[in-house]
Amino acid sequence: MRPMPAFALTFSLAAFPAVAQDARQIERMMEGRQGLMTLMAHELGKLGGMAKEEVPYDEAVAGKAAANLAALASVISPELFPQGSGAGEAEGSEALPAIWEQPDDFVTKLNGMQEAAATMQAAAGTDLAALQAAMRDVGAGCGSCHETYRQKD
C-alpha cells in the first residue's frame, strides 16, 4: 500500500467540517419540518374535534386554529426536505425517496395542502358546516402527500 500524500490527507480532513456542517443543516431542516408538522397536528386536533362534533363548535377557537394552520402550512417548503434527510438516511425521518424522485408531484401536493389550509382559514370561523367541508379538503391534502411521501408506521 502506498502512503497517502500529505496534501490528500489535508484535503480529506479539510472536507470533514463541511460534511459535519451538512449533517447539522440536514438535522435542522428535519427539526423544522417535524416541528411544523407537530404544530399543524395540534391545530388540526382542535378543528377535527369540532368537525366530528366531539367538542362544541366555537367560532373563535376554530378561526384561530385555522389561521394558525394556514400560517404553519405556508412555511412548509421543499427546502425543508434536503437530500440526505430521508428515512434510512437520517434518524427519525419518515420522508420517502419519492420526494426527491418526483419533486414536481411533491410540490403540487404541497401546494394543494397549502391551498386547503387557506380555504380552511376562510371557512372555519363561519359555521360548523363550513368547517366540516373544509376539513375534508385539508384531510385529503395532507393524506395525498403522506400516502406517497411518508413512510408508514
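The residues of the chain are indexed from 1 along the displayed sequence. Reckoned from all heavy atoms, side chains included, excluding hydrogens, waters and symmetry mates.
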Show the nearest heavy-atom pair for residues [X] and [Y], with the distance to one decimal.
X: Ala71; Y: Val75; value: O-CG2, 3.4 Å
X: Met113; Y: Ala73; value: SD-CB, 3.6 Å
X: Gly141; Y: Ser144; value: O-OG, 3.1 Å
X: Ala124; Y: Leu47; value: CB-CD2, 4.2 Å
X: Gly125; Y: Glu59; value: O-CG, 2.8 Å
X: Gly84; Y: Ile26; value: O-CG2, 3.8 Å

Side-chain H-bond candidate by donor/acceptor type, Gln132 with Glu53, under 3.5 Å:
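Present: a donor and an acceptor within the cut-off.
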Would you sort out whether Tyr149 and Glu94 count as a side chain to side chain contact (heavy atoms under 4.5 Å, CB included), showing the intermediate values?
CA-CA 8 Å; Tyr149 299 113; Glu94 296 176 337; over 6 Å; no
Find the distance between [atom1] ([X]) and [atom2] ([Y]) and round it off to the nearest 0.5 Å.
X: Leu39; Y: Leu44; atom1: CG; atom2: CG; value: 11.0 Å
X: Leu72; Y: Met40; atom1: CG; atom2: CE; value: 6.5 Å
X: Met120; Y: Asp137; atom1: CE; atom2: CG; value: 8.5 Å
X: His42; Y: Leu69; atom1: NE2; atom2: CG; value: 11.5 Å
X: Gln121; Y: Lys64; atom1: CD; atom2: NZ; value: 10.0 Å
X: Asp22; Y: Glu27; atom1: CG; atom2: CD; value: 13.0 Å

For a side chain to side chain donor-acceptor pair (under 3.5 Å) with Ser93, tell me which candidate from Arg150, Gln151, Arg33 qualifies.
Arg33
Step through the shown structure and confirm whether more than 12 heavy atoms of other residues, nucleotides or ligands are within 6.0 Å of CD on Glu91.
no
Are more than 12 heavy atoms from other residues, nucleotides or ligands located less than 6.0 Å from atom NZ of Lys52?
no
Could you tell me whether Lys46 and Glu43 make a salt bridge, using a distance below 4.0 angstrom between a side-chain N and a carboxylate O?
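The answer is yes: the pair qualifies as a salt bridge.
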List for me each residue that meets side chain to side chain contact (heavy atoms under 4.5 Å, CB included) alongside Met29, sequence neighbours excluded, and say none if there are none.
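Gln25, Leu80, Pro82.
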Within one Ile-Leu-Val-Met-Phe-Trp-Tyr cluster: Leu96 and Met30, side-chain cutoff 4.5 Å:
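No, Leu96 does not connect to Met30 through the hydrophobic network.
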Mind running side chain to side chain contact (heavy atoms under 4.5 Å, CB included) on Val138 and Thr119 for me, showing each step along the way?
CA-CA 9 Å; Val138 168; Thr119 299; over 6 Å; no
Looking at [X] and [Y], would you say the former's side chain and the latter's main chain have a donor-acceptor pair under 3.5 Å?
X: Lys109; Y: Gly143; result: no
X: Thr148; Y: Cys145; result: no
X: Gln114; Y: Ile76; result: yes

What about the rings of Phe81 and Phe106, do their centers lie closer together than 6.0 Å?
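Here the rings of Phe106 and Phe81 have centres that are less than 6.0 Å from each other.
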Checking side chain to side chain contact (heavy atoms under 4.5 Å, CB included) for the pair Val61/Met50: CA distance, chi angles, key distance, verdict?
CA-CA 10 Å; Val61 172; Met50 286 185 245; 3.5 Å; yes
